[in-house]
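The structure under discussion appears below in the form of C-alpha cells.
Source: prediction; values computed, not measured.
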Amino acid sequence: MQSLTLIIENFELEAIIGILDFERKIPQKILLEGVFTYDYHDKDFIDYIRVKNLIKELLETKQYGLIEEALLDIIKHLKQNFNPITSISLTLKKPQITNDCIVGVKVNKTF
C-alpha cells in the first residue's frame, strides 16, 4: 500500500454561498483548492473527475449560508463516497466579494 495525494487547483465555479442579501440572489465566483491523501493499492485509485463533479454538484445545488458549512459538508460527502481518503485539506475563496483582497476559509481534516 502506498499513500498518494490527489490535488485539485484553480477550480472555478459559480455558486450561491453567503449570508449577505445579494449573495443569496446571484451566484458568485468561487475558487476551490483541494489536497486529498489516500491509500493506494492494487489499482484502488481516487477518480479525480468524480471528486471534482461531487464538489461542483454540492456547491451548485445546496446554496450554503457560510463557507464553513460548505467545507464541512463537502468533506463529509467526500469521505462517504471515497473511503480510501485519509486526509483532506480544502480551501474555498470568494475572489469578488471585496475589492481589495480575496477572502476564504481553509479546513484540514484527518480520518
Legend entry - From CA spacing to verdict: side chain to side chain contact (heavy atoms under 4.5 Å, CB included), Val35, Ile88: CA-CA 6 Å; Val35 177; Ile88 298 174; over 6 Å; no
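- Under the 4.5 Å side-chain heavy-atom criterion for Ile, Leu, Val, Met, Phe, Trp and Tyr, Leu13 and Leu78 are members of the same hydrophobic cluster.
- Residues Leu31 and Asn10 have side chains not in contact (no heavy-atom distance under 4.5 Å, counting atoms from C-beta outward).
- With a 4.5 Å cut-off on side-chain heavy atoms, Tyr38 and Asp44 do not count as touching.
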Inset, instruction - Before giving the answer on side chain to side chain contact (heavy atoms under 4.5 Å, CB included), spell out for Phe11 and Glu9 the whole-Å C-alpha distance, their side-chain angles and the decisive distance to 0.1 Å. - result: CA-CA 6 Å; Phe11 184 21; Glu9 296 179 335; over 6 Å; no
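- Note that CG of Asn81 and CG of Asn53 are 12.0 Å apart. Values are rounded to the nearest 0.5 Å.
- Annotation for Gly104 and Ile67: closest pair CA-CD1, 4.4 Å, computed over non-hydrogen atoms.
- Heavy-atom minimum distance, Asp73 versus Lys62: OD2-NZ, 3.2 Å.
- The distance from the CD1 atom of Ile74 to the CG atom of Leu54 is 8.0 Å, given to the nearest 0.5 Å.
- Here the shortest heavy-atom pairing between Phe111 and Ile85 reads CD1-O, 3.9 Å.
- The hydrophobic cluster containing Ile16 does not contain Leu71, counting ILVMFWY residues as joined when their side-chain heavy atoms lie under 4.5 angstrom apart, directly or transitively.
- Hydrophobic clustering (ILVMFWY, side-chain heavy atoms < 4.5 Å, transitive): Phe45 and Ile49 are in one cluster.
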Inset, instruction - Show the numbers, then the answer: is there a salt bridge (Lys or Arg N to Asp or Glu O under 4.0 Å) between Glu23 and Lys94? - result: CA-CA 11 Å; Glu23 290 181 296; Lys94 295 178 169 184; 2.5 Å; yes
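- Looking only at distances, no side-chain donor or acceptor of Lys76 sits under 3.5 Å from a matching main-chain atom of Gln80.
- Counting non-hydrogen atoms of other residues, nucleotides and ligands closer than 6.0 Å to NZ of Lys79 gives a total above 12.
- Taking the side chain as every heavy atom from C-beta outward, Gln2 and His41 never approach each other to under 4.5 Å.
- Using a 4.5 Å cut-off on side-chain heavy atoms (C-beta onward), Thr91 and Val105 make no contact.
- Both Leu32 and Tyr48 are members of a single hydrophobic cluster when ILVMFWY side chains are connected at heavy-atom separations under 4.5 Å.
- In terms of modelled atom types and a separation under 3.5 Å, the side chain of Thr37 and the main chain of Thr86 share no donor-acceptor contact.
- Side-chain contact annotation: Ser87 with Thr110, donor-acceptor N/O pair under 3.5 Å absent.
- Counting only heavy atoms from C-beta outward, the side chains of Thr5 and Phe36 never approach each other to under 4.5 Å.
- Side-chain atoms of Met1 and Tyr40, non-hydrogen and from C-beta on, never get closer than 4.5 Å to each other.
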Inset, instruction - Apply side-chain hydrogen bond (donor to acceptor under 3.5 Å, both in side chains) to the pair Glu14 and Gln28, showing each step before the final yes or no. - result: CA-CA 5 Å; Glu14 298 224 344; Gln28 63 183 298; over 6 Å; no
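- Looking at heavy atoms from C-beta onward, Leu59 lies in side-chain contact with Tyr64 at the 4.5 angstrom threshold.
- Summarising the geometry, atom CD belonging to Glu68 is positioned 9.5 Å from atom CG belonging to Leu92; distances are rounded to the nearest 0.5 Å.
- Glu69 places a side-chain N or O within donor-acceptor distance of the main-chain N or O of Leu66, the cut-off being under 3.5 Å.
- In this structure, the side chains of Ile17 and Ile30 come closer than 4.5 Å at one or more pairs of heavy atoms.
- For the pair Arg24 (side chain) and Ile19 (backbone), a donor-acceptor distance under 3.5 Å is absent.
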